[in-house]
Amino acid sequence: MYPFSYTKVSNTREAVNAGRNGGRYIAGGTTLVDLMRETVEHPETLVDISDLPLREVRVTERGGLRIGALVSMAETAVHSKVRTLFPVISQALELSASAQLRNMATIGGNIMQRTRCTYFRDVSAACNKREPGSGCAALQGVNRTHAILGTSDDCVATHPSDVAVAFAALEAQVHLLGPDGERHVPFADFLLRPGSTPQREQALRRGELITAVEIPALPRPLKSGYLKVRDRQSYEFALTSAAVALHVRGGVIRNAYVAAGGVGTVPWKLPAVEEALVGERPSDRLWAEAAGRAAGGARPLQHNRFKVELLQRTVERQLRTVGDSK
Ligand code: SF4
């Protein structure tokens, strides 16, 4: 591990000042400390934000849900309003990591976590994300777990978060505070596809701090849920996953919110699937037809061609599970 300095801040103004001067925010530290130990990351200054007052979950005036950036994954998963209003969020969190990690890791940190690409974590391997311009060992290497959507010639790594898939499906906004004040960024614009700059992963400006994630008020009743497919049933990242929320009234699907994980360089919203669902009556045929659109534009690699069919089947199964539930 490289030497670094450490400072703890007690309010958001101090935090933003420290961030503007190049400090790196840390709260639960469940990703960053690992990466520092492996010398993948070497920040000069850590700014501990764990005392900031960003630990509230509340229903907004409009009926949405605001989750403070420092609420832990575990607290969020069991919160009564999260469970009642958006079970897809609770389920995604409960299928993530271990109980110990969920107790430490925060919502803000979860969406900021870095890829699990093994070459990224191996400092002897070529990796454009870790060292821009060095190449991408995954392209010709073992790429079974890598992305099939949103990839570039420079990077094919997946985003590892489960709850980010739920946030993408539900069209959340990320609340930021920076030197120029507050701003709200749609989740779809917050996490960046790799393009030719895979080292740049979020639309954050210098010094900006995530303060909350807000889910908009969506039409009710809303049924939702999360399905994760992985090599083993615990403490494993998704090969594919699907976050689904449906507003059904009078026997017709009026609104659909669908996204996939484990397949994209960012959580992958599926507008073609949503369009196929809206205005239709739930049926087995509809689930299959809509899910058939899930892998549009996929560019599979040598070892992950199986993800195309697996993604379609994952989405179909979760549409059926949510759509047929009472
Ligand atoms: Fe690095 Fe991305 Fe290639 Fe993995 S896929 S080695 S993170 S550039």
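The model shown is predicted, which means the values in this text are computed figures rather than measured ones. Ligands are counted one by one from 1 in listed order, and the atoms in each one are counted from 1 as well.
For atom 5 (S) of ligand 1, the closest heavy atom belonging to the protein is V156 N, 3.3 Å. What sits closest to atom 3 (Fe) of ligand 1 on the protein, heavy atoms only, is C136 SG, 2.3 Å. Looking from atom 2 (Fe) of ligand 1 to the surrounding protein, the closest heavy atom is C155 SG, 2.4 Å. Atom 6 (S) of ligand 1 has its closest protein heavy atom at Y119 CB, 3.5 Å.
For C127, every N, O or S atom stays at 2.8 Å or more from atom 2 (Fe) of ligand 1. Residue C117 counts as close to atom 4 (Fe) of ligand 1, with an N, O or S atom under 2.8 Å.
A salt bridge links E208 with R183: at least one charged nitrogen is closer than 4.0 Å to a carboxylate oxygen. Using a 4.0 Å cut-off between charged nitrogen and carboxylate oxygen, D162 and R230 do not count as a salt-bridge pair. A salt bridge does not link E280 with R285: every distance from a Lys NZ or Arg NE/NH1/NH2 to an Asp or Glu carboxylate oxygen is 4.0 Å or more.
In this pair, F167 and F187 present their aromatic rings perpendicular. The plane angle is above 60°, beyond the 30 to 60° band.
In summary, the atoms of ligand 1 found under 4.0 Å from a heavy atom of F120, numbered by their order in the structure, are 7 (S).
No more than 12 heavy atoms of other residues, nucleotides or ligands lie within 6.0 Å of CD in Q140, so this atom counts as exposed by the packing criterion.
Of all the heavy atoms of D154, the ones lying under 4.0 Å from any atom of ligand 1 belong exclusively to the backbone.
A donor-acceptor contact shorter than 3.5 Å links the side chain of Q113 to the backbone of N110.
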